[in-house]
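First the proteins, then the strands, lettered A, B, ... as listed; each starts at 1.
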Number of protein chains: 2
Amino acid sequence: MTDSPPAGDGPLGIGLLCFIVQRTMEDRVLADLAAAGFDDLTMAQSRVMARIGPQGTRVTDLAEQARVTKQTVVTTIHQLAGAGYVRRIPDPSDARARLVVFDQRGLAALEIARKTEAAVHEEWTRHLGRRETERLHELLTKLREITDPYR
Amino acid sequence: MTDSPPAGDGPLGIGLLCFIVQRTMEDRVLADLAAAGFDDLTMAQSRVMARIGPQGTRVTDLAEQARVTKQTVVTTIHQLAGAGYVRRIPDPSDARARLVVFDQRGLAALEIARKTEAAVHEEWTRHLGRRETERLHELLTKLREITDPYR
DNA sequence: CATTATCGTTCGAGAATCGAACGAGTGTCA
DNA sequence: TGACACTCGTTCGATTCTCGAACGATAATG
């Protein structure tokens, strides 16, 4: 029973509520990406790609952030690279490592994703109110301090 | 790029933050279940089982709540039934449907899951404060109004 | 320099998920 | 009542996702 079991008829737990919110954002972004022509992106690929930083990110770090193993990331990055979304460059600071960076197609997709995310955030802000949305963001950020093992 | 892309170095989006929180709860519950002897439960199985209500839940409803297809739920329920966690009874109100209900082993697992969830919530409350945790819960519940298509 | 740890990778297998289609039962409405 | 469209759970087949184990190359430690 991963997450809060709603087997009781009481209110949903925070974990389950977070699932709903997170999944909604995922679906929205993925839908908009598909509509914009990036219809070859899967959810698994998207989840990994979303963790790539502007200066590039190591496979190991991507795995930690996305909560999957390195093997999974390697596979996913291979797919993304083949589709022109990312490419790998040597890490200047470590000859063992390689940095996964956005390629042209990836940057274009990133732009769409950013816009969608902003739009969804706006929707949420309209529903909750600006002040309350900020509060929610603050609380989640504070909660991250003890829930994100890789901070 | 499912979820908020942190490619910018700014703060994480609400979607991504929710992922971290939700995943943490999932991991904790699953770990405690495994430690309590329910080590045959996978995350996918747990996610579906967590949606079973006290009076039983239809396959279609489980699919909607867990955000997977009916086929996936059928497969998962088949596994869970084989392991003694759930069983299927006819739905009195609809001869087409069947209700998935907890079996003995499922109830035992549910108890563990409930305890763990409560313990994690307590941890979070200690970190955020009682008042703030309630606020977080309220905000997420309110956000659910527009993010849960199957409410 | 020797040893230990980390990085990315390959291989192989298992798990998870979906699309399409179907029989059984329900709801609707002329 | 009867015809038609819809829903429910299910099966089959295929694809995707994910992991465990292991390895060479490089880094860090002493």
(Q) At 4.0 Å (heavy atoms only), tell me whether V74(B) reaches a base, stays on the sugar-phosphate, or touches nothing. (A) base
Q. Which pair of non-hydrogen atoms, one from T133(A) and one from I14(B), has the smallest distance, and what is that distance?
A. CG2-CD1, 4.1 Å
Q.
Could you tell me how far apart I89(A) (CD1) and dC7(C) (C1') are, to the nearest whole angstrom?
A. 16 Å
Q.
What is the separation between atom OH on Y150(A) and atom P on dT6(C), rounded to the nearest whole Å?
A. 13 Å
Q) Between R58(A) (CZ) and dA25(D) (C1'), how many Å, whole number? A) 14 Å
**Q.** Interatomic distance where CD1 belongs to I77(A) and P belongs to dT16(D) [whole Å]
**A.** 17 Å
(Q) Test of understanding: with salt bridge (charged side-chain N to carboxylate O under 4.0 Å, His left out), list the residues that count as partners of R58(B), not counting sequence neighbours. (A) D91(B), D94(B)
Q: For A97(A) and for H78(A), locate the closest nucleotide of DNA chain C by heavy-atom distance; then report the residue assigned to the nucleotide nearer the 5' terminus.
A: A97(A)
(Q) For a quick test of reading the model, state the closest non-hydrogen atom pair linking T147(A) to L143(A) and the distance between them. (A) OG1-O, 2.8 Å
Q: Could I get the full list of salt bridge (charged side-chain N to carboxylate O under 4.0 Å, His left out) partners for R105(B), not counting sequence neighbours?
A: D40(B)
Q) Could you write nucleotides 15-25 of chain C as a row of B, S and -, 5' to 3', where a protein heavy atom under 4.0 Å of any base atom gives B, of only sugar-phosphate atoms gives S, and otherwise -? A) -SBBBB---BB
**Q.** Flag if over 12 foreign heavy atoms under 6.0 Å of CD, Q104(A)
**A.** no
Q) With the threshold set at 4.0 Å, does a side-chain nitrogen-carboxylate oxygen contact exist between E117(B) and R114(B)? A) no
Polar atom pairs between nucleotides 3-5 of chain D and protein, under 3.5 Å, N or O only, would you list them?
none

Q: Could you pull out all residues at least two apart from R87(A) that satisfy side-chain contact (heavy atoms from CB on, under 4.5 Å)?
A: I89(A), V101(A), D103(A)
Q. Distance check: side-chain N/O of T60(B) vs OP1/OP2 of dG9(D), anything under 4.0 Å?
A. yes
Q. Which heavy atom of L33(B) sits nearest a heavy atom of A109(B), and at what distance?
A. CD2-O, 3.4 Å
Q. What pairs of residues pass the salt bridge (Lys or Arg N to Asp or Glu O under 4.0 Å) test when at least one of them lies in residues 62-80 of chain A, not counting sequence neighbours?
A. R67(A)-D27(B)
(Q) Just the rounded figure in Å: distance from P of dT26(D) to CG of L99(A). (A) 16 Å
Q) What's the CG-P distance between L62(A) and dT6(C), to the nearest Å? A) 18 Å
